[in-house]
Amino acid sequence: MSFVVFLDVDGVLNTSKSCVVAPSGKYVGIVEFRLKLLGDAMRYAGCDGVVLTTTWKNLRKDHEDFLYLKDGLARHGINILGETKERAGESREDGILEYIEKHDDIEDFVILDDNHYGFEDYNKLWERFLDTKGQGIECSTYASATPSISAMIFLEGISKSDKLLN
């Protein structure tokens with residue numbers, strides 16, 4: 001594993017305005033073209049897979065909605081490499097930092113999320129954070145004024161794929 005995407009789902013692969021519903025009816029579903037954008041951008045940037053930071057990771061691995069997420073990612077050649085595990089009182093940035101620390105084979109990464117959490121307090125996270133502002137992956141922007149090269153390449157991959165879809 002050398003280049004991973006720390007992936008949130010809600011606000012990245014769907015939005016509150018999405019008309020798709022997950023199988024259980026409890027979650028907003030995943031929009032297919034956003035899965036394609038993610039897969040295309042990952043191939044463009046040379047990413048090896050995703051690490052789930054989303055609350056969806058808390059579902060049982062045999063839950064119909066988790067299987068729906070897993071199958072959707074797999075349809076676009078996206079491997080789930082793992083998930084962050086925040087302890088009580090920790091937030092998403094803590095989980096990402098701990099995951100990176102435990103996996104020294106991660107050479108680079110980007111974070112796709114619609115919430116800043118405390119990313120700005122950690123330059124290593126902030127410069128790799130692509131903010132969707134809850135509008136979906138196609139609306140990703142740099143959070144940092146000085147983004148990392150990996151964030152630039154990944155965002156370029158999203159942009160190229162989005163142009164082909166439109």
Side-chain angles (χ1 to χ4, degrees), residues 1-14 30 34-61 65-134 136-162:
M1 184 177 4
S2 62
F3 188 167
V4 301
V5 175
F6 287 98
L7 180 66
D8 182 29
V9 171
D10 297 319
V12 176
L13 298 179
N14 63 28
I30 299 163
R34 291 189 174 117
L35 284 168
K36 179 167 178 22
L37 285 176
L38 176 61
D40 288 351
M42 288 178 66
R43 281 184 289 284
Y44 183 84
C47 297
D48 299 300
V50 298
V51 175
L52 299 177
T53 60
T54 179
T55 57
W56 289 55
K57 70 185 178 192
N58 299 325
L59 295 170
R60 288 185 338 267
K61 301 311 174 227
D65 290 340
F66 186 84
L67 295 172
Y68 161 75
L69 170 63
K70 183 179 172 184
D71 291 345
L73 293 169
R75 269 195 317 279
H76 293 276
I78 302 167
N79 298 317
I80 299 174
L81 303 172
E83 60 189 47
T84 57
K85 297 181 183 354
E86 297 82 21
R87 294 189 263 317
E90 291 184 331
S91 66
R92 197 161 287 183
E93 71 274 10
D94 297 318
I96 292 172
L97 290 167
E98 183 177 315
Y99 193 92
I100 292 167
E101 186 177 303
K102 287 183 177 179
H103 295 86
D104 59 1
D105 55 338
I106 296 176
E107 295 171 10
D108 211 348
F109 64 92
V110 294
I111 302 167
L112 276 173
D113 210 311
D114 64 330
N115 191 321
H116 288 204
Y117 296 97
F119 298 144
E120 64 272 10
D121 295 333
Y122 302 92
N123 192 49
K124 182 177 183 177
L125 301 182
W126 189 242
E127 66 185 10
R128 290 170 175 80
F129 172 49
L130 296 173
D131 187 0
T132 68
K133 297 180 174 53
I137 188 173
E138 71 277 18
C139 296
S140 297
T141 59
Y142 303 123
S144 172
T146 55
S148 70
I149 297 294
S150 53
M152 287 188 249
I153 292 169
F154 195 87
L155 191 57
E156 184 176 306
I158 293 171
S159 178
K160 285 183 181 286
S161 181
D162 192 33

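In this chain, residues are counted from 1 in sequence order.
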Derivation and outcome, side-chain hydrogen bond (donor to acceptor under 3.5 Å, both in side chains), residues Trp56 and Asp10
CA-CA 9 Å; Trp56 289 55; Asp10 297 319; 3.3 Å; yes
Verify side-chain contact (heavy atoms from CB on, under 4.5 Å) between Glu156 and Met152, making sure each step is shown before the conclusion.
CA-CA 6 Å; Glu156 184 176 306; Met152 287 188 249; over 6 Å; no
To the nearest 0.5 Å, atom CD1 of Ile100 lies from atom OG1 of Thr84 at 10.5 Å
When rounded to the nearest 0.5 angstrom, what is the spacing between CD1 in Ile158 and CZ in Arg34?
11.5 Å
Just by distance, do the side chain of Thr132 and the backbone of Gly11 share a donor-acceptor pair under 3.5 Å?
yes
Does the side chain of Leu35 come within less than 4.5 Å of Arg75's, by heavy atoms?
yes
Find out whether Glu86 and Lys57 are in side-chain contact, i.e. whether some heavy atom of one side chain is under 4.5 Å from a heavy atom of the other.
yes
Is a side-chain donor or acceptor of Ser148 paired with a backbone partner of Ala151 at a separation under 3.5 angstrom?
yes
Are any of the side-chain heavy atoms of Leu38 and Leu112 separated by less than 4.5 Å?
yes
Parallel, tilted or perpendicular: ring planes of Trp126 versus Phe129, cut at 30 and 60 degrees:
tilted
Is the shortest heavy-atom distance from the side chain of Leu130 to the side chain of Thr141 under 4.5 Å?
no
Got a salt bridge between Lys124 and Glu93, using NZ or NE/NH1/NH2 to carboxylate O under 4.0 Å?
no
In this structure, CD of Glu101 is separated from CD1 of Ile106 (nearest 0.5 Å) by 11.5 Å
Donor-acceptor check, side chain of Thr53 to backbone of Leu7, threshold 3.5 angstrom: yes or no?
yes
Regarding Asp40 and Lys36, does a basic nitrogen lie under 4.0 Å from an acidic carboxylate oxygen?
yes
For the pair Met42 and Phe154, evaluate side-chain contact (heavy atoms from CB on, under 4.5 Å) and give the outcome as yes or no after the intermediate values.
CA-CA 7 Å; Met42 288 178 66; Phe154 195 87; 3.7 Å; yes
Might you work through the side-chain contact (heavy atoms from CB on, under 4.5 Å) test for Leu125 and Ile111, ending with a clear yes or no?
CA-CA 8 Å; Leu125 301 182; Ile111 302 167; 4.0 Å; yes
Between Phe3 and Phe109, does the ring centroid distance fall short of 6.0 Å?
no
Shortest non-hydrogen contact from Asp48 toward Leu81:
C-CD1, 4.0 Å
Cationic N near anionic O, under 4.0 Å, Asp113 to Arg92:
yes
What one should report as the nearest heavy-atom pair of Leu52 and Phe66 is CD1-CE1, 3.8 Å
Inter-residue atom distance Asn79.CG - Cys47.SG, 0.5 Å rounding
11.5 Å
I need the Lys160 NZ to Leu155 CG distance, nearest 0.5 Å.
12.0 Å
In Å, rounded to the nearest 0.5 Å, how long is the span from CG of Asp8 to OG1 of Thr55?
7.0 Å
Sequence-distant partners of Lys85, side chain to side chain contact (heavy atoms under 4.5 Å, CB included), two or more places apart:
Glu83
Val4 and Val50: side-chain contact (heavy atoms from CB on, under 4.5 Å), yes or no, with the steps?
CA-CA 6 Å; Val4 301; Val50 298; over 6 Å; no
Does the side chain of Ser140 pick up a donor-acceptor pair with the side chain of Glu138 at under 3.5 Å?
no
Taking C-beta and beyond as the side chain, do Ile30 and Tyr68 meet within less than 4.5 Å on heavy atoms?
yes
Under the salt bridge (Lys or Arg N to Asp or Glu O under 4.0 Å) test, residues paired with Asp131 that sit two or more places apart:
Lys133
Would you mind reporting whether Lys102 and Glu98 have side-chain heavy atoms less than 4.5 Å apart?
yes
Going by heavy atoms in the side chains, are Asp65 and Leu69 under 4.5 Å from each other?
no
